[in-house]
There are 2 protein chains.
Amino acid sequence: MTRAPASRALESTPLWLKLSSYLVLSDEEKMYLADLERTIDRVPPRTDLLQQGERYRDVRVMREGWAIRHKALPDGRRQVVNFVLPGDIIGMYCTLFESADHSVTTLTPVEVASFPPEKIGELFRSFPRLAAALAWSGAREEAIVAERLLSLGRRTALERTAHLIVELLRRLSIVNMVTDGHFVLPVTQEILADALGLSIVHINRTLRRLRDSGLIELNGQRITVNDVRQLASVGQFDELYLHLIRAPRRLERAFSGAHHHNGAKMDSEIRSKA
Amino acid sequence: MTRAPASRALESTPLWLKLSSYLVLSDEEKMYLADLERTIDRVPPRTDLLQQGERYRDVRVMREGWAIRHKALPDGRRQVVNFVLPGDIIGMYCTLFESADHSVTTLTPVEVASFPPEKIGELFRSFPRLAAALAWSGAREEAIVAERLLSLGRRTALERTAHLIVELLRRLSIVNMVTDGHFVLPVTQEILADALGLSIVHINRTLRRLRDSGLIELNGQRITVNDVRQLASVGQFDELYLHLIRAPRRLERAFSGAHHHNGAKMDSEIRSKA
DNA sequence: AGGCAGCCACAACATAGGTTAATCGGCCCG
DNA sequence: CGGGCCGATTAACCTATGTTGTGGCTGCCT
């Protein structure tokens, strides 16, 4: 792991982009975010950023590259819980738990920022809007895990696989990692199997079916989606759960609209006692 | 749905108990929480508190009874994502999303409190410690879903079932809903099947196996766990993921310890500019 | 150049779990 | 008292997916 200077500290990082879809960030908020991402490391592929069972220290922010979050059973069976992409946060709350219940492992060379857990308190105290945006993006991540649970519980192998491909296509296109229909999937079939709760052989069969039907093409790590529409329909993909819509900015409203009802009264009453 | 007076407003509610395991609440915080739980409804069994696809309004706090959070595919296949127990929050962030990606349905008569979404902004602005505790408990819930994902992906039917029973035993005992080894499971086999990604017939077979081996007993809705140890071992249950340990109070530390390093300096610099 | 390791591919066979269907008991309701 | 419905239970059968094993390709090390 090599430490690198924070060259893009004040530019727009993936995290900044993500949070911007929830609210319009002020200059101070932007600066504070930049400060959080000041300490940057580069990590090679196949390296654990976090190990199940271990006590975890720093909070990390993914800036570049791919990683997986996974859990293992004592006998070695493994489940990939989610893919970690740029802008995602690693171990935000793990630092507060006594030990991590999952591992995070890099798939590609990765650039991550880290900050000490005490910053979390600071963040909640001094930057409530940022805190809310982070909490909200945590909820979005939970929604993704819940959707994968639906896949494993109720979708067939073909549906699951199609669904995952469309999900990745959507998530990657937000961070500009898709160019017309194809993207790099730095993932072995074993990892796909572990993500979809299938055996490696069966993933192979299933990919073959998808290729034979012309919905996708695979060359090495590059996957091309020829017909998103149909692939989405095979996977019963409904993008509701990704909560991508930027327009509403409801969090903004929650912050600006609440000043003077009933609730705010209660609010100030209590604070004045403090 | 009938509205009821908030008889226990200032007593300790399940939510209060839960958050207390993360930090020591001040009087103002306790009062504010009580205020959030002021508006109380009673809801009969088999009622949707929240419907997938619907625009969601109020945030709800479960005070009494059981519910399930579930997602459905267009063709009717259904997955139960989690069980909602007293102290759990419903739709905290759904109010901020454009529409809900899951449903919540009561299993028993239920008592819920509700508050308008604007309170979320207020909460983050004025009660950062409460906000952090809520975010943290959200993370704990995600951990439960991730563990269930591991079950569906990598555990056999027998293991999954055993695992779920132990999980419920643990979660229920926190809220005093277990008396020596037995508890009420207000759940049909169909719901169990939907929670475990199995067919109803196979759940039946699996429960029979568990009964035959003497690990559990079932009479109506009452389930008795005869040998938790062995049941936990069958299910490869490791309670790490429930993050139940109350001792550490790390959140407390994150709030009290951060005042004067490096980070706090940055903090005040920025704030003075505002 | 040879050999080893990791990954993909595919065939042949095995099985966990799904499906269909029938029975039974409890409960509600007229 | 007699339906009728819902949920549990079980049997018989079926299929989606897992397992085992083989071979081939590529890249890397020596």
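We name chains A, B, ... by the order of the sequence lines, and we start the count at 1 in each one.
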Pair A:Glu147, A:Arg155 - check salt bridge (charged side-chain N to carboxylate O under 4.0 Å, His left out), show working. CA-CA 11 Å; A:Glu147 183 72 24; A:Arg155 280 191 254 249; 2.4 Å; yes

Give the residues of residues 200-207 of chain A touching DNA chain C, defined as any heavy atom closer than 4.0 Å, sorted by residue number. A:Val201, A:Asn204, A:Arg205

Look at all strands and tell whether B:Arg155 reaches a base, only sugar-phosphate, or nothing, counting heavy atoms closer than 4.0 Å. nothing

When B:Gln79, B:Arg78, B:Gln189 are each screened for side-chain hydrogen bond (donor to acceptor under 3.5 Å, both in side chains) with B:Asp194, the one that passes is B:Arg78

Where along residues 213-226 of chain A does a heavy atom come under 4.0 Å from DNA chain C, residue by residue in number order? none

What is the distance, to the nearest angstrom, from the CZ atom on A:Arg208 to the P atom on C:dC10? 4 Å

Ring centroid separation for B:Phe97 and B:His102, is it under 6.0 angstrom? no

What's the CG-P distance between A:Asp212 and C:dA9, to the nearest Å? 11 Å

When we call it a touch if two heavy atoms are under 4.0 Å apart, what does B:Thr188 touch: a base, just sugar-phosphate, or nothing? sugar-phosphate

How many Å lie between CG on A:Asp194 and P on D:dG18, as a whole number? 11 Å

Does A:Arg211 have a side-chain nitrogen or oxygen under 4.0 Å from the phosphate oxygens OP1 or OP2 of C:dA9? yes

Once the angle between the rings of B:Trp66 and B:Phe83 is folded into 0 to 90°, is it parallel (under 30°), tilted (30 to 60°) or perpendicular (over 60°)? perpendicular

Go through C:dG17, C:dC8, D:dT17 for me and flag the one nearest to the B:Arg160 side chain. C:dG17

Could you state the CZ-C1' distance from B:Arg46 to D:dG7, rounded to the nearest angstrom? 10 Å

